[in-house]
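Taking it in order: structure first as structure tokens, then the write-up.
Below, chain A is the first sequence line, B the second, and so on; all start at residue 1.
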Amino acid sequence: MTSELFQLVLMTVVTAATPLILASIGELVTERAGVLNLGVEGMMIMGAAMGFAGAYSSGSTAIGALCGILAGMAMAALFGLLTIGFAINQVAAGLALTIFGTGLSGLLGAGFVGLKRDRSDQLHIPGLSDLPYVGQLVFGEDLFVYVAFGLVAGVAWFLSRSRTGLALRATGDNHQSAHALGLSVRRMRFLATLFGGACAGLAGAYLTLAYTPFWSPGMTAGRGWIALALVVFASWKPWRVVLGALLFGGATVLQLHAQAAAFGLPGQLLSAVPYLATIVALVLLSSGARKNAAAPAALGQAFIAPR
Amino acid sequence: MMTEQERRATPLLSLRGIVKRFGSFTANDDISLDIHEGEAHALIGENGAGKSTLVKIIYGLLEPTEGEILFRGKPMRLNGPQEARAQGVGMVFQHFSLFDNLTVAENIALVLPTDTPLSALRGRILEVSERYRMPLDPDREVWSLSAGERQRIEIARCLLQDPRLIILDEPTSVLTPQEAEALFDTLARLKAEGRALLYISHKLEEVRRLCETATILRLGRKVGGCDPRQESSRSLAALMVGAAINDIKTPSTRAFGGERLTLDSLSLPSREIHGVDLDGVSLRLRGGEVFGIAGVAGNGQSELFEAVSGERLADANETIRIDGAAVGARDITARRALGAAFVPEERNGHAAAGDFSLTENLILSRHSGDGLTSRGLINFEKARTLAQQVIKTFDVRKAGPDPAARTLSGGNLQKFVVGREILSEPKILVINQPTWGVDAAAAATIRQALVDLAARGASVLLISQDLDELFEICDRIAVMHEGRLSQPCDARAVTREEIGLLMTGDGSGGGAHAH
Amino acid sequence: MRIDLEPRATRPLALEIGAPILALAGAILIGGLVVFLLGKSPALAFEVYFINPLLEGWSLQELAVKACPLVMIAVGLSFCYRANLWNIGAEGQFIMGGLLGGWLAIATHDEAFQELIGGWWILPTMLVLGAVGGAIYALVPALLRVWLGASEILTSLMLVYVAELGLDWLVRGPLKDPNGFNFPQSVVFDDIARLPFLAEGERLHAGVPLALLVALLGAFVLARTIFGFEVRLAGEAPRAARFAGFDDSRLTLTVFAISGALAGLAGICEVAGQIGQLTPKISPGYGFTAIIVAFLGRLSPIGILVAALVLALTYIGGEAAQVELSLNNDMTRAFQGVLLMCVLIADTATRYRIRLTFGAAR
């Protein structure tokens, strides 16, 4: 394989993995605090729509990314209000958020359908980016990729080393104890939810700013749900999110190449591969005790301060 | 600047007319008390008397509706437990405020100021554990520790903040007698250092031993104060309950029948991640007998209950027999059909469903008998009649004709749950922690009902952490430790200390009293 | 701002019934605001969405026809959700039901075959196949949960995408009408394979009374049978359900099979009733809308009857709004999301007293 082709294939894998990494690492933090936000798909699609709208209107990718982040956070705040404020069942609220986000993104993005803009710039460091095999791969990605990896490193450090990270893990482990000690369970959870929303929004923005040059309704196509599955797959450990996302990115790219190669398999069946792969991944990593051992003990439980 | 004398005369903590209301319910009604430095002050009262609410106010978890807290003579307004800790108030929780999946050091770090680096903390933990003779390993995860070890974390966490007042909520309820002794040593040391203790307990012997003052609460009000050393346990109990509690009447002679319930080397790996495996549990329970299982919480009692009840099936059918019939592989419904009945430890969500009416809660465990269902349809009329019968026989106090279970007080719901099983006249009753969190009158009713059931020829298997309860009504007692069951001892011949040794797993002498 | 929740000792009946109505009113207000912000008239939108469809006979019938799949699916989902099991893949089960039932109609379309053994049995068999198809598809996530502990939420949802892609492939490939000018659709079903209309020239088909029957039966089972008791108990207190002697694995499989069967039945009723052939898109998201119906109906089959009519209204109103207000389908979707949120808040309000505190007070 030539150097260019090698890098090209691997770069498409990274490109396909990046939105998953972004959305998953945010959801991982949310879940470690004990909140199961099933609305990732809804936050992501809003991030995609608003990210594109912001970038197209301002002409700046950075402003677009910021708009995506803010849209994701606004959605997350709504989710926080519902589940942390009103103690609503988190599964139902997550579904509501996704349905709402799908509709609202369509409404708000209606004026931008069919428009195109240039994809975000890629890093170029003279010399380094031109190295054979790895130059472009390591030093020539778009900036989102570096942000994604930086976020993973930051989250890994935050959770294992920082005092606030410790308080966050404690909140997800046992909210009654956390409350008894005077930790603010609800504030911690709300902030963790907001962080998850920001990441999901950025993941959505990546789709319209770097992955494709346009916005179209429903374009997240289940990536938010896959990101949720990846958190389980990663056993709630930050670096495993990267591993899982790259595997998924690989599967997606492989599937696209298989379609292009036209093996005679129907395209729809190949398109179903990522969804089936998600199920397989969930099944392989959920079996029995392993899942229970890794999941935050208070995940998905509403906290109501006792008397 | 206060002189030493003034300092001594000023109470460390004063409560002035504390009132706490939740909606229309008054949990604390005009409570005042003083605690001085170096004083051990007991707060005693029944379940529901308002003790927990009061200490939560002192620890800053709740804000009083009315009244004032003075700390060293100055008004103290607390905006959360952090501020209470900063002022010098520490708390050791009854049900522990620990995090299973964090290490000991991490659990402690959570309450300390954030400028303490984790590395320095290890040393300080070891120092405290040395000074107060409380062995602790900072790097262990909490789930792997025993109840006694967990309590040491709570106390060490408290001490690292150098508190002037330490609140202890039922600290011995999960300890063996020997562990309790060690705790008293530590507490005596703390008192000698001039720290004040606010000691909440319903074990009056302990209170009389440790405390020089006591405040007694009943139904949210302060009904008196006294020097517990001048009182007898009986007089304290009378102050606490406000009425005489009947002694349990046990028949003087007992005739034991044939073997009703047999466990034969029952082993079962736990399903929970941090659970306890049952390891070769054997026992033979005769008709007419009350058999007690003692042990510190978390030594396999709930796993044993699951296995005996059939909530979880055993691997081999022969390991459990009811009246000789092998039932290890048969489910709870089949075991009920053979005449067994069960009362789990947790009322809410296990023995009963909070949002269901009492009638529906009757159906919960008795749907397969009494003709309550036919062809899949429920006979609600019949269920209602049976539920009313339980309510009447066991004097269950409630609002409305058929309210939701969650609206009942702990004691009344427990009476309903126990009554539901006893009125089905079981041949075997397996009951776990029947009087946990139940008021004294209800507890006496329940214990009497168990004794009466045994007198009618049934076997009662009583799992309890309350040694007083076990000694009061059991014929034989065995001890559960780390999933294993000791040889049974004759309850009239064995001492509390011997049972205590078995509870810590040091059972060398325990078999001596076996039948 | 702080929100404090205090459990209510009693739950007045008026509140139980009033809460969903208030939720609907709240959602309409929010929807109106959105319409206003989009620069359209909220009053006109309200008229188009909620009034006009009620004024004409044909649209009233259309309402019942649209409500029919929603009722069937939502009754099934109410069993799942009451048992605290999260089947969110009803859309996929709907498609599989339509596909398997529709396959029979396509397979028996052949004239020679029709003459040989064709007859009245085809339609009932299609309905059975539809239910079976949906049930089998729903059993996949249920079995994965029971055997391997995989989250049924994610697996059931993933299977929706798979079902959609599968249907798309089939109607463009193996099930395509050979004489259909290469349009992605199957042959039009024979009359004998269509749900009969209740009256000549009307829109109401036999699926409507069937949906009514499903709701009544569902209500009866939940309220009067030991199985219904089991479902309610399992969701309310799972440990108590185990203590009562109910097997949670069996229950998981059973309620998934029921809800899958009802979604599949809805699918085949839609295909054999409204559409009359297989196309790449046989559902305008009924499987997801039914989730909202189930919650708006407070997970009670009778409540679901009413709720389904309300949501059916948003479909018909939504179609009219596209024409009259040039508001696209996304408005309907967004409104449904808001409605679900309002319903969930209202649900909290029936169980708790809600106190709002502003400022930093504790």
- Task: Report yes if the side chains of Leu165(C) and Leu269(A) come closer than 4.5 Å at any heavy-atom pair, otherwise no.
- Result: no

- Check Asn328(C) against Ala110(A) and note the closest heavy-atom contact, atom names and distance. ND2-CB, 4.3 Å

- Query: Minimum heavy-atom separation for Leu95(A) to Ile88(C), with atom names?
  - Reply: CD1-CG2, 3.4 Å

- What part of Leu82(A) gets closer than 4.5 Å to chain C, counting heavy atoms only: side chain, backbone, both or neither? side chain

- State, yes or no, whether a side-chain contact exists between Ile226(A) and Met158(C) at a heavy-atom distance under 4.5 Å. yes

- Write down the atom of Phe288(C), the atom of Ile99(A), and the distance for their closest heavy-atom approach. O-CD1, 4.4 Å

- Query: Any side-chain heavy-atom pair from Leu154(C) and Thr278(A) closer than 4.5 angstrom?
  - Reply: no

- Less than 4.5 Å apart, any side-chain heavy atom of Glu164(C) and any of Gln268(A)? no

- Item | Contacting region of Ser271(A) [heavy-atom separation from chain C under 4.5 Å] | both

- Could you have a look at Arg172(C), Met341(C), Gln336(C), Arg145(C) and say which one has the most heavy-atom pairs with chain A under 4.5 angstrom? Met341(C)

- Task: State, to 0.1 Å, how close Leu107(A) and Met331(C) come at their nearest heavy-atom pair, and which atoms those are.
- Result: CD1-SD, 3.7 Å

- Shortest non-hydrogen pair, Asp330(C) vs Thr102(A), comes out as OD1-O, 4.2 Å

- So, for Ala87(A) and Leu5(C), which heavy atoms are closest and what is the spacing to 0.1 Å? CB-CD1, 3.5 Å

